[in-house]
Amino acid sequence: TLAWLKYPSPTAADAQNGYLALLALDARAADPLAAAAAVLHEERAIFAATRSSQQQAGPHYADIRARLLQPAGTRIPLDDCRDKCLDYMLAHAEKMTQLANKHAGLLARYRAMLDFPAYAEDIPRDPRALYPNHGLAYSLGLLYLQSVVSAIQHGDAQAAYRAWAHHQRF
């Protein structure tokens, strides 16, 4: 079994934890990583408090995400390409380039997330807890991989491989 499948999940220092970067991808908080760490801390406290009292926890989770992370709620209009992503990227290269330019700040956060040395996902014990915006991460991943396709199209195999390997490492 892979280490990331073990429960409880592995731990990592906040400054090294890529999961916090994922959680904070579209956060507008002044310090997104610190806000993401605070969210996890408060979610654990809510779980402990509501487990014994049977209170409704769901609204509390949404409140702390909104208050601490201040998410932008960004949606990037890309189709789910499943097994045909290369075909999709080739057919929609201009659209993807425009979206990459429009969301350059988020794409920079995505690239930075790939550099984190650890990924210690805090799997919520309460099914009402909220998860990271995986849809946004998926879309940013496609926009990032468009740079691989572009490098290949321009004959730069080394740049394509470096970008691909960087993405795969995460």
Side-chain angles (χ1 to χ4, degrees), residues 4 9 12 14-40 43 58-59 61-124 127-154 156-170:
W4 63 270
S9 58
D14 291 350
Q16 297 180 340
N17 190 355
Y19 179 73
L20 296 179
L22 174 63
L23 190 61
L25 264 181
D26 75 337
R28 293 178 290 186
D31 185 345
L33 291 179
V39 164
L40 293 184
E43 282 182 349
Y61 293 125
D63 174 62
I64 63 170
R65 292 279 174 107
R67 181 172 42 84
L68 295 173
L69 290 175
Q70 304 165 26
T74 306
R75 301 282 183 252
I76 299 175
L78 291 173
D79 296 328
D80 184 359
C81 58
R82 306 246 179 223
D83 297 329
K84 302 199 182 295
C85 288
L86 178 59
D87 294 338
Y88 181 85
M89 287 189 262
L90 291 171
H92 298 90
E94 185 176 331
K95 173 185 177 181
M96 293 187 76
T97 299
Q98 291 170 353
L99 288 170
N101 291 333
K102 178 180 178 181
H103 299 288
L106 288 173
L107 201 49
R109 278 192 185 184
Y110 183 84
R111 284 187 184 103
M113 180 183 74
L114 298 179
D115 290 330
F116 276 77
Y119 187 86
E121 182 170 2
D122 189 0
I123 300 169
R128 297 165 294 192
L130 304 173
Y131 292 88
N133 187 345
H134 290 104
L136 178 60
Y138 173 81
S139 295
L140 289 169
L142 282 180
L143 293 179
Y144 176 86
L145 290 173
Q146 180 64 31
S147 66
V148 174
V149 173
S150 179
I152 291 170
Q153 287 178 315
H154 290 94
D156 193 348
Q158 286 184 339
Y161 178 77
R162 277 192 309 273
W164 175 83
H166 187 233
H167 192 263
Q168 290 301 109
R169 187 183 61 81
F170 185 75

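Treat the numbers as computed from the prediction; the structure is a model and nothing was measured.
Take R67 and apply the salt bridge (Lys or Arg N to Asp or Glu O under 4.0 Å) test, not counting sequence neighbours, and it matches E42, D63. With sequence neighbours excluded, no residue forms a ring-ring contact (aromatic ring centres under 6.0 Å, His included) with Y138. Remark: D31 engages no residue in a salt bridge (Lys or Arg N to Asp or Glu O under 4.0 Å) (not counting sequence neighbours). Every residue was checked against the ring-ring contact (aromatic ring centres under 6.0 Å, His included) condition with H166, not counting sequence neighbours, and none meets it. Residues that satisfy the ring-ring contact (aromatic ring centres under 6.0 Å, His included) test with F116, not counting sequence neighbours, are absent from this structure. Listed by chain and residue number, N101 satisfy the side chain to side chain contact (heavy atoms under 4.5 Å, CB included) test with T97 (two or more places apart in sequence, or in another chain). With sequence neighbours excluded, no residue forms a ring-ring contact (aromatic ring centres under 6.0 Å, His included) with H103. A search for side chain to side chain contact (heavy atoms under 4.5 Å, CB included) contacts involving Q70 returns R28, not counting sequence neighbours. The side chain to side chain contact (heavy atoms under 4.5 Å, CB included) test applied to R75 returns N133, not counting sequence neighbours. In this structure, the side chain to side chain contact (heavy atoms under 4.5 Å, CB included) partners of P132, at least two apart in sequence or on a different chain, are Y19, L22, L23, H134.
Between the OG atom of S147 and the NE2 atom of H154 there is a distance of 12.0 Å, given to the nearest 0.5 Å. Residue H92 holds its NE2 atom at 12.0 Å from CD of Q98, rounded to the nearest 0.5 Å. For the atom pair CG (L99) and CG (L106), the distance works out to 11.5 Å, reported to the nearest 0.5 Å.
Counting only heavy atoms from C-beta outward, the side chains of K95 and Y88 approach each other to under 4.5 Å. Looking only at side-chain heavy atoms (C-beta outward), L25 and T74 stay at 4.5 Å or farther from each other.
Contacts classified as side chain to side chain donor-acceptor pair (under 3.5 Å) and involving residues 104-113 (residues at least two apart or in different chains) are given here: Y110-H167. Within the structure, the salt bridge (Lys or Arg N to Asp or Glu O under 4.0 Å) test picks out the following pairs touching residues 78-90 (sequence neighbours left out): D80-R82.
Heavy atoms only, all atoms of each residue included: L20 and L33 are closest at C-CD2, 3.7 Å. When every heavy atom of L140 is checked against every heavy atom of L107, the shortest pair comes out as O-CD1, 3.6 Å. In terms of heavy-atom proximity, L145 sits nearest to M89 at C-SD, 3.9 Å. Taking all atoms of both residues into account, the shortest heavy-atom contact from C85 to L142 is SG-CD2, 3.9 Å. Nearest approach of A24 to P32, heavy atoms of both residues: CB-O, 3.5 Å. Scanning all heavy atoms of the two residues, the minimum distance from A120 to A12 falls at CB-N, 3.7 Å.
Within the 3.5 Å criterion, the main-chain N or O of A37 finds no donor-acceptor partner in the side chain of D14. Checking side-chain atoms of K102 against main-chain N and O of I76 turns up no donor-acceptor pair under 3.5 Å.
Around atom CD of Q158, no more than 12 heavy atoms belonging to other residues, nucleotides or ligands sit under 6.0 Å away.
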